[in-house]
There are 2 protein chains.
Amino acid sequence: MTEGRSRRPGPRIEEVARVAGVSKSTVSRVINGEKYVSERSRQAVHRAIAMLGYSPNHAARTLAGSKANAIALVISEQGSQVLADPFFAGILRGVHAELTGRHVQLLLMMNQPLDGEDQVAYLTGGHVDGALVVSLHGEDPLPRILHETGLPVVSGGRPLAGGAVPFVDADNFNGALGAVRHLISLGREKIATIAGPHDMAVGMDRLSGWRCGLAEHGMPVGLVAHSSDFTPESGAFAMEDLLRRAPDLDAVFVAADILAVGALRVLHARGYRIPHDVAVVGFDDSVLASTATPPLTTVRQDVEQLGRTMTWRLLAELAGEEKLPSSMLLPTSLVRRASA
Amino acid sequence: MTEGRSRRPGPRIEEVARVAGVSKSTVSRVINGEKYVSERSRQAVHRAIAMLGYSPNHAARTLAGSKANAIALVISEQGSQVLADPFFAGILRGVHAELTGRHVQLLLMMNQPLDGEDQVAYLTGGHVDGALVVSLHGEDPLPRILHETGLPVVSGGRPLAGGAVPFVDADNFNGALGAVRHLISLGREKIATIAGPHDMAVGMDRLSGWRCGLAEHGMPVGLVAHSSDFTPESGAFAMEDLLRRAPDLDAVFVAADILAVGALRVLHARGYRIPHDVAVVGFDDSVLASTATPPLTTVRQDVEQLGRTMTWRLLAELAGEEKLPSSMLLPTSLVRRASA
DNA sequence: GCGGGTTCTGGGAGCGCTCCCAGACGGGGA
DNA sequence: TCCCCGTCTGGGAGCGCTCCCAGAACCCGC
């Protein structure tokens, strides 16, 4: 704003080159970590950069280069916002943490249901080098579509309609398995579950873990009630269903804390004491778990770590690393509180 | 990736110009909504853009132009993540919604306590045209510092150390006032409050509202307990303090749902029936309010709207609009549930 | 009729980088 | 000895736009 055509402040690559006594080509090579630069030049450039406080211009790099220096974080949120919120914030924190220091910008996209093709066009249009897709709804075709265009993609959560899309997810199966084993170790003998919706991978995997845990002790796996979405109301509804079918159940593994809140409400209303009559284990270790009455024993998943790992995986692919694992599961852990 | 030097796909401004039968200067004018373009040219350009599916290259615009075409969303989170999460997600959703369609990118920054000056340097270094700052901690100097460098800034929440920084906030004062009036209308006569920490504006404003509501009915305003942070434990601690000082209180206005959860726990434990013995009103209308036992009457603030409004205000300033209000308060509303 | 505006237009420099090319230098193997 | 290849370097074109400039076309009042 000072002269006619206001230039951005700060030194340019040319000044770094002058101070370091090399050409701007060499400075560029150092910045981009290319080989074929002598140790002497590299040092000189680093000193000059530090001295001048130089920071490369993102727009210029992107314009001149063959990459966008940006990745997209796409949040497909079809309803179920309640679950989405804390989850989403954790993911974002993780992604952000992993990105700091690298010269990569984060582009946020939350898709309204409508703009599916626009979004694909934008993402594959060279504005970003890759995409992180978090679809809560497991059958979302977006990860697969993007993957098929050749855009590097990492999905957060196992995509049901995923094809060969690389993904990172919490180890929902073993988390559920651990929860069930815990219930069994407490001597519970009639263990039900409130599962997630049919169309979400996270629900399916947790259900499998529950089944497996019971099966390995020769216990029956019939007491399943599916929730229609991740709300307390849906959890309450499922709990009522279970109690109708088995009034004498002594434990419930609930696929999400937010469902468990509804289930607890029903159990209280019917006069069941927790954990004396019925032990309850949730999943997620969200705020709700610690604020529930009684505080909920739950399976903790580290959402921030999930965000970090997705980002790491995508950046590694962009850097041309090979032999990357196509999928990764992150450990979960049981958090013991009062409810089981 | 197809030829030696892989170009980004899609048409360039030059092709639009050719198709429209004008020069690229004119196309540029149309895109940027400048005047001095004939209606005929404007129409032709718009047709050409639609036909070719043209979308301007962000990097090139930024490099050539005198603005960055990007704004930053800075989240200052010093602890208190619990409150931060849903709040944060709502803000982000609002900001994003307001940004779609405009050619402005969103840059996310979450500041670690350490990198204060780096952050200021980056923000004022021409990478962004303006900043939205959400500091939960009211005495954060960042909004003021940025504002003083001349960077357009809008703060989310009234900054305590704000100077003349424009801000958008929920009308915490009137929200609290309404809550107290509601309690009084229920016939409550000994109304306490659990206030937020001293150093956060949101806490102070809600406390003032409570005071005012009591004062206008000539009721005493002594029953205040400050929480140290926004956690259920802190709420429980404050509730215990209040009960020690006034075992016969019949209502509590709690400055945040998450504090109310802790307060409810203590009240239950002491055998108080809610709302029969003690009516409780929270603030925020977060998930916690509906999952609490009993479901919490609370003051709803529209966090997404807050994000939208902040963004609108910043963009208006960037567009050179004058006579903008320096601060704006958004309405709150009382959500009645079982607790009061 | 002429000067002085306002409205509209195209040409082209240049934003700050990357990446291609051409070339300099050195250390082997033939 | 010569040549080739691997290492290192600088020069400079050009990425796709914006914005300045110069000028054309047209209106107005005198």
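So that the names make sense, note that chain A is the first sequence line, chain B the second, and so on, each numbered from 1.
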Could A:E14 and A:R18 be called an ion pair, given the rule that one side-chain N must be under 4.0 Å from one carboxylate O?
no

Working to the nearest 0.5 Å, report the span between CD1 of A:I13 and CD1 of A:I49.
8.0 Å

Measure from the side chain of B:S66, starting at C-beta and using heavy atoms only, and say which of D:dG16, C:dC17, D:dC19 lies closest.
D:dC19

Take the protein atom CD1 of A:I13 and the nucleotide atom C1' of C:dC19, then report the distance between them rounded to whole Å.
12 Å

For the pair made of CZ in B:R40 and P in C:dG10, what is the distance, rounded to whole Å?
10 Å

When rounded to whole Å, the CG to P distance for the pair B:N57 and D:dC17 reads 5 Å

Rounded to the nearest 0.5 Å, what separates atom CD in B:Q301 from atom CG in B:L329?
11.5 Å

Length of the line joining B:L63:CG and D:dC19:C1', which is rounded to integer Å:
13 Å

Any heavy-atom pair between the side chains of A:R29 and A:S41 that's under 4.5 Å?
no

Whole angstrom value for the distance that separates P of D:dG16 from CG of B:L52:
15 Å

Atom CG of B:N69 to atom P of C:dC15: distance rounded to whole Å?
18 Å

Listed by chain and number, what are the salt bridge (charged side-chain N to carboxylate O under 4.0 Å, His left out) partners of A:R308, not counting sequence neighbours?
A:E98

Establish, with yes or no, whether the OP1 or OP2 oxygen of D:dC17 is under 4.0 angstrom from a side-chain nitrogen or oxygen of B:Y54.
yes

For a 4.5 angstrom cut-off between non-hydrogen side-chain atoms, does A:L106 reach A:L92?
yes

A:N69 and side-chain contact (heavy atoms from CB on, under 4.5 Å): which single residue from A:Q105, A:H58, A:R102 fits?
A:H58

So how far is it from B:T311 OG1 to B:L99 CG, rounded to the nearest 0.5 Å?
6.0 Å

Rounded to the Å, how far apart are A:K67 NZ and D:dC15 P?
18 Å

Inter-end axis angle, the helix from C:dG5-D:dC26 to C:dA30-D:dT1, with every axis fitted to five base pairs (rounded, 10 degrees):
50°

Does any residue of residues 16-39 of chain A have a heavy atom under 4.0 Å from DNA chain D, and if so, which ones, in number order?
A:V22, A:S23, A:K24, A:S25, A:T26, A:R29, A:Y36, A:V37, A:S38

In B:L73, B:V104, B:L107, B:V74, the residue satisfying side-chain contact (heavy atoms from CB on, under 4.5 Å) with B:V128 is B:L107

For atom CZ of B:R12 and atom P of D:dT18, their distance in whole Å:
15 Å

